[in-house]
Amino acid sequence: MIAEVIVDVAAHPIDRPFDYVVPERFRPLIEPGMRVKVPFGPRKVLGFVTGTKSESDMQQSKLKPIHELMDLVPVLNKEMLQLADWMKDETLCFEIDALQVMIPSALRAKYEKRFVLTGELTELAEPLQPYFQRKPFLRAQDAVELFGLLKTELDKGTITAETDISQKTEVKKARMVTIESSLEKLEAIEIRANARQQLKLMEFMKSHAGSTIESADLQKQSGTTLQTVTALLDKGAGTLQVTETYRSPESLADIKEKAPLSLTLEQQTAFAAVRDALGTSKTFLLHGVTGSGKTEIYLQTIDRVLKEGEEAVMLVPEISLTPQMTLRFKERFGDQVAVLHSGLSAGEKYDEWRRIQRGEVKVAVGARSAVFAPFRNLGLIILDEEHESSYKQDDAPRYHARDVALWRSRYYNCPVILGSATPSLESYARAQKGVYELLTLESRAKNQPLPEVRIVDMREELRNGNRSMFSVELAEAIREKLEKKEQIVLFLNKRGYSSFVLCRDCGTVGECPHCDISLTYHRSKEHMKCHYCGFEAQVPDICPECGSEHIRFFGTGTQKVEEEIAKLFPGARTLRMDVDTTRQKGAHERILTAFGEGKADILLGTQMIAKGLDFPNITLVGVLSADTTLHLPDFRASEKTFQLLTQVSGRAGRDVLPGTVYVQSYTPEHYAITLAKNQNYEPFYTQEMTTRRQNGYPPYFYVVNIQFTHEDLMTAGDYADQTVRFLQNNLSPGTVIIGPSASLVARVNDRYRYQCLIKYKKEPRLTETLHQLIRIHRAEWIKRGATLSIDKNPSTVM
DNA sequence: AGCACGCCGACT
DNA sequence: GTCGGCGTGCTC
């Protein structure tokens, strides 16, 4: 029997199955989808079995046997293996990347080099002997200073080097103690009168006779230690069992079940459409203004799916995955929900994943990677905020959760709901063409009016001599709300806002010596760090260029605004929420809770406050500068701006009090701004589609971004030039190739970066050409030290 | 990717 | 004479 194995090595020549002999003892057990340990060249690696067969095309003598089975139950089922094949073709990734992304990181291999004693301890050089005393091996990590000595031993053959493979996190085991139930038996146990600890424990055991308790709890509650417990168990006071258990991140104890809300007529219609499509692979685009109650439709549809005995996956962007949000699911579905979010430890994620795989839960809520939730009877997939670019992974495998969802929907014949207040142009265009069914929610669920949006022309302000970040109008509105004790959200729509260090005399900015980007100043550690390569440096006392002592830190935009608020509105309590203040775990939530409890008047923040902020007392939202995203060199800049403005506006007046929104801009006439005013999605869509058609961008054209890197500027440029010529010669005349040009950050980690863009409407030769490009890369460029990365349907082309 | 093999310069 | 530099080639 032969097994085909995809080996855990992400490299071009390795990206295919390797055949292994299945030893007799594994034959009844082995199945596709299991992880195995296999010899690979001179080392051992982890691999995934993708298939078995009776004959191999390889010479029998070249085949090696599988070393070990890592699983008794496959970690990937047939569906996942098929999905990986599809992803490999679709995203041009290595098959191993596609397989790895589907399992929790806890199951990925941990490789640890170590030296193993082959003979007797006494044969070793004297100084080494203590290291091998307790265990017959020594981790290479713990022995860096001994490498010289170890080398001689390796040559002598008294030790060998090997790599230990284990999984990163193991199944959590609980030591359960079952206390003897018969009081007589407990009484009969003899304990010396001076064994105070044992006597204490015995008292506890007598009062809990017959019960089962975790050993750690037993120790804690009785005030004793493991030694005492073990001693008494040895005397027959109970039995010890080791069972598998879950790490439970939080308890459901305080969560009360909540009944469904009643649906408005609009919601009812949308709900009915999806309900009637259960059991088919139909895709819906649920377009509803902010606050129109999309979530309630999701909840009720999921409920219906569960009643059919099927399972549901609910995807949300990572930043929306707040406790507030997941609470709603737990209130409705109780312990049937698994939540997968970045705040969980690897072990906790693994446990949630196992609960799904074992069929113990029916609903999975999570960000991008939750689209791989290992359900076997999927009845519905929902992508909320489907336009969010975080659904596209920006390193290999470069998959889009939406595409994976649609693939799984075809596999299971289940519907997909794509929900958004501001759908991506791609999705809306598909809905217009009838590929998706469009469901529209035009009114807000609580029937509140949309907030009034006022656009402020900042050029006018400048002309009137106002150089502050606050227009007269906005400042006035803030003062008024402060007086009324209502809450204000200020949004600094700025990207790349991080702080930097600047010499005020010569203008020199602290830059990374390895990347063409300025260093980010970290106030907490008083140092500067490169966010691309990790380089760190101390803030200099004098400018390295001109020797001036006038070094200044430019805070995040938000810090500067915070100072200005303090000046303009003395007494206003401000909470700042940006990368600096939310770096700590849970900080995000703490700030929001504090604001919700009215502990501040003004919440000032960046992107991250655009979502899920749902507090009744917010009546004023100010967007300080709508221009920053608008003028980014990316074809989606307008779309992003429109989405952001719409979303931010949606934060105001969500309850009884009406809301007002101020949008400040230096280009107030831009359609992305004027049309966001009334959440006018349709006109924006029409206008933006015209622009996209004129410039040949999605959804009219498909885009592929190709990036080249090399440590030598000229070589990187040559590679890009040659590739562009190659593409021009091999693709159809209707296809446009843009570039090559230097990437926006032209150098990262001492490597120069070039890129080019393929735009095509119909390109039958695309797949073949890209594969050929990869072949050329393998044959000619890898050995020259170049890298190539191909991103189909990139989320950004910067 | 990672590891071994192999073929040339600076040390005991 | 040996140690060790990194080019090249293979991995069922």
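Order of the sequence lines sets the chain letters (A, B, ...), proteins ahead of strands, with each chain counted from 1. Note that the coordinates shown come from a computational prediction; the quantities given were computed from them, not determined experimentally.
Taking 4.0 angstrom as the limit, A:K113 places none of its side-chain polar atoms (N or O) nearer than this to OP1 or OP2 of B:dG2.
The pair A:D164-A:R139 fails the salt-bridge criterion, with no side-chain N (NZ, NE, NH1 or NH2) lying under 4.0 Å from an Asp/Glu carboxylate O. Salt bridge present: A:D791 and A:K392 bring a charged side-chain N and a carboxylate O closer than 4.0 Å. The pair A:D395-A:R398 does not meet the salt-bridge criterion, since no charged nitrogen lies less than 4.0 angstrom from a carboxylate oxygen.
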Pairwise N/O distances under 3.5 Å, protein to nucleotides 7-12 of chain C:
residue	atom	partner	partner atom	Å
C:dT11	O3'	A:G41	N	2.9
C:dC12	OP1	A:Y20	OH	3.3
C:dC12	OP1	A:P39	O	3.1
C:dC12	OP2	A:G41	N	3.4
C:dC12	OP2	A:K64	NZ	2.3
C:dC12	O3'	A:D19	O	2.7
C:dC12	O3'	A:K64	N	2.7
C:dC12	O2	A:D19	N	2.8
C:dC12	N4	A:R16	NH1	3.1
C:dC12	N4	A:R16	NH2	3.1

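Side-chain contact between A:T163 and A:K113: present, with at least one pair of heavy atoms (C-beta onward) separated by less than 4.5 Å.
Side-chain atoms of A:Y411 do not come within 3.5 Å of backbone N or O of A:L83 as any donor-acceptor pair.
With rounding to whole Å, A:K44 atom NZ is found 17 Å from B:dG2 atom P.
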